[in-house]
Amino acid sequence: MPELPEVETVRRGVASMVVGVRIASVTVRRRDIVATELDPLGGFSRAGGIRGADGRGRARPGRVPGAWLLAGDEVAGVERLGKQLALVGASGRCVVVHLGMSGQLLVAGRGERLPTATWGSAHDHVVWRLEGRDGSSAGRMVFRDPRRFGGVFTSPDREHLVGVRWAALGPDALTVTGEQLAERSGRSARATKAALLDQRVLAGVGNIYADEALFRAGVHPMTPTSAMGPETWEAVAARIREVLGASIEAGGSTLRDYTDAQGRAGVYALSHAVYGRAGLGCVVCGTVLETGAVAQRTTVWCPSCQELGRAHG
DNA sequence: CTTATGACCTGATAGC
DNA sequence: TGCTATCAGGTCATAA
């Protein structure tokens with residue numbers, strides 16, 4: 001479900017609850033959504049993705065040492081690159097959480113209850129028990145993910161996190177420049193939207209914000225990257241930074257499932273100009289918005305504001 | 001190399 | 001009410 005703004009909102013919420021807190025114990029209720037640094041390829045692939053090398057079974061034998069999931073450790077910080085979160089322990093060990101489509105990282109303080117789902121706790125795959133300095137309970141954190149496209153990954157230290165786990169990811173979308181986009185996208189027949197969705201080009205943009213940023217930049221999503229010039233790339237980069245920033249301020253976009261670490265919805269969907277508005281009038285010119293598949297994803301654009309074939313300097 | 005396709009999962013919703 | 005089909009915020013392996 002989540003793109004950069006949603007993940008950043010979760011990061012802030014989790015950080016406010018767990019930084020400086022000790023993890024008393026960890027329970028892995030589904031082993032196959034956890035990948036360790038020792039697992040072959042599975043979990044540590046090119047674009048920072050999730051699935052095992054066979055594209056399906058992610059069952060990994062053996063128990064994950066609790067310490068690898070920060071049991072007995074203290075949380076020193078919560079970082080983010082693109083759509084991925086990393087809990088960094090005082091020991092240096094890191095736990096990466098990727099939310100996939102339906103994942104949530106939820107935290108409940110002492111005496112609070114985790115937000116409940118209609119299906120109960122059936123999809124609560126990893127549970128961290130938190131402990132105050134005096135040893136008293138400080139609540140719990142849970143990785144919940146019904147569809148299981150997400151996952152939890154261990155790294156022995158920050159060097160591995162950055163150098164291996166996150167090595168293939170492009171620059172974070174919140175601070176990306178037009179120059180970076182131009183260089184990493186290359187010049188080919190590939191649709192500009194497809195390039196923006198490629199996490200090796202740019203980390204953090206997904207289907208919603210690709211459409212929103214391209215609309216605001218006046219670029220048709222199917223524009224081949226070979227037709228893009230430096231000024232247009234700069235405009236696209238600027239609109240990406242802008243849209244993501246505004247969405248973070250609104251707590252992200254909640255379409256159905258998404259909530260922050262405390263179970264609250266975000267309201268940025270109210271500001272969507274194109275996503276989810278196919279067939280309605282363009283907010284700028286009133287033209288009926290078109291929809292179709294680009295890069296195999298549902299895409300919405302304004303045929304008038306985002307004319308295909310327009311010159312792009 | 002690039003690009004498209006089907007696959008991975010479950011839940012919510014729309015339509016009959 | 002109950003069934004079925006469709007769709008979803010992500011990313012992968014594989015084939016062409």
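In the text below, chain A, chain B and the rest are named by the order of the sequence lines, each starting its count at 1.
Taking atom CD of A:Q199 as the reference point, atom P of C:dG10 lies 8 Å away to the nearest angstrom. Taking atom CG on A:L255 and atom P on C:dG10, their separation rounds to 10 Å, with Å as the unit. Straight-line distance from the CZ atom of A:R144 to the C1' atom of B:dT10: 14 Å, rounded to whole Å. Regarding A:N207, its CG atom lies at a distance of 13 Å from the C1' atom of C:dT11, rounded to whole Å. When rounded to the nearest whole Å, the span between CZ of A:R297 and P of B:dA7 equals 17 Å.
Annotation: the span from A:E212 atom CD to A:R277 atom CZ amounts to 9.0 Å, rounded to 0.5 Å.
Across A:R158, A:R165, A:R12, A:R11, a single residue satisfies salt bridge (charged side-chain N to carboxylate O under 4.0 Å, His left out) together with A:E79, and that is A:R158. No option in A:V219, A:T192, A:V176 other than A:T192 meets the side-chain contact (heavy atoms from CB on, under 4.5 Å) test with A:W233.
Regarding contacts with the backbone of C:dG10, every side-chain N or O of A:R147 stays at 4.0 angstrom or more from both OP1 and OP2. Considering only side-chain N and O atoms, A:H98 lies nowhere under 4.0 angstrom from the phosphate OP1 or OP2 of C:dG10. In this model, the phosphate group of C:dG10 is approached by a side-chain N or O of A:K83 to a distance below 4.0 Å at OP1 or OP2. Put simply, A:R148 has a side-chain N or O that comes within less than 4.0 Å of OP1 or OP2 on B:dT10. In this structure, A:R256 does not reach the C:dC7 phosphate: none of its side-chain N or O atoms is under 4.0 Å from OP1 or OP2. The phosphate of C:dC7 has neither OP1 nor OP2 within less than 4.0 Å of any side-chain N or O from A:T298.
The gap from the P atom of B:dG6 to that of C:dT6 amounts to 15 Å, rounded to the nearest Å. Across B:dT5 and C:dC7, the matching P atoms stand 16 Å from one another, rounded to whole Å.
A:Q306 contributes a side-chain N or O that, together with a main-chain N or O of A:C302, makes up a donor-acceptor pair within less than 3.5 Å. Although no hydrogens or angles enter the test, the distance criterion places a donor-acceptor pair under 3.5 Å between the side chain of A:E3 and the main chain of A:I208.
Pairs passing the ring pair (Phe, Tyr, Trp, His ring centres under 6.0 Å) check and including a residue from residues 6-27 of chain A, sequence neighbours excluded, do not occur.
Residues passing the ring pair (Phe, Tyr, Trp, His ring centres under 6.0 Å) test with A:Y268, sequence neighbours excluded: A:H272. For A:A122, the side chain to side chain contact (heavy atoms under 4.5 Å, CB included) partners at least two apart in sequence or on another chain are A:W119.
Within the 4.0 angstrom heavy-atom criterion, no nucleotide atom of any strand lies near A:A295. Within 4.0 Å of A:Y209, counting heavy atoms only, lies no atom of the nucleic acid at all.
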Kindly list each side-chain donor-acceptor pair under 3.5 angstrom involving residues 281-300 of chain A, sequence neighbours excluded, with atom names and distances?
residue	atom	partner	partner atom	Å
A:T291	OG1	A:T299	O	3.0
A:T299	OG1	A:K193	NZ	2.7
A:T299	OG1	A:R297	O	2.9

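Counting only Watson-Crick and G-U wobble pairs whose two distances sit under 3.5 Å, DNA chain B takes part in these stems of three or more pairs: B:2-8 with C:10-16, B:10-16 with C:2-8.
Map A:A194 and A:R30 each onto its nearest nucleotide of DNA chain B; the residue landing nearer the 5' end is A:A194.
Remark: A:T118, A:W119, A:H123 in residues 118-126 of chain A come within less than 4.0 Å of DNA chain B through at least one heavy atom.
Side-chain proximity of A:P146 to B:dG11, C:dG10, B:dC9: nearest is B:dG11. Among C:dG10, C:dA8, C:dG9, the nucleotide with an atom closest to any side-chain atom of A:F149 is C:dG10. In this structure, of B:dA4, C:dG9, B:dT3, it is B:dT3 that holds the atom nearest to the side chain of A:S188.
Looking at A:E6 and A:S253, their side chains come closer than 4.5 Å, going by heavy atoms from C-beta outward.
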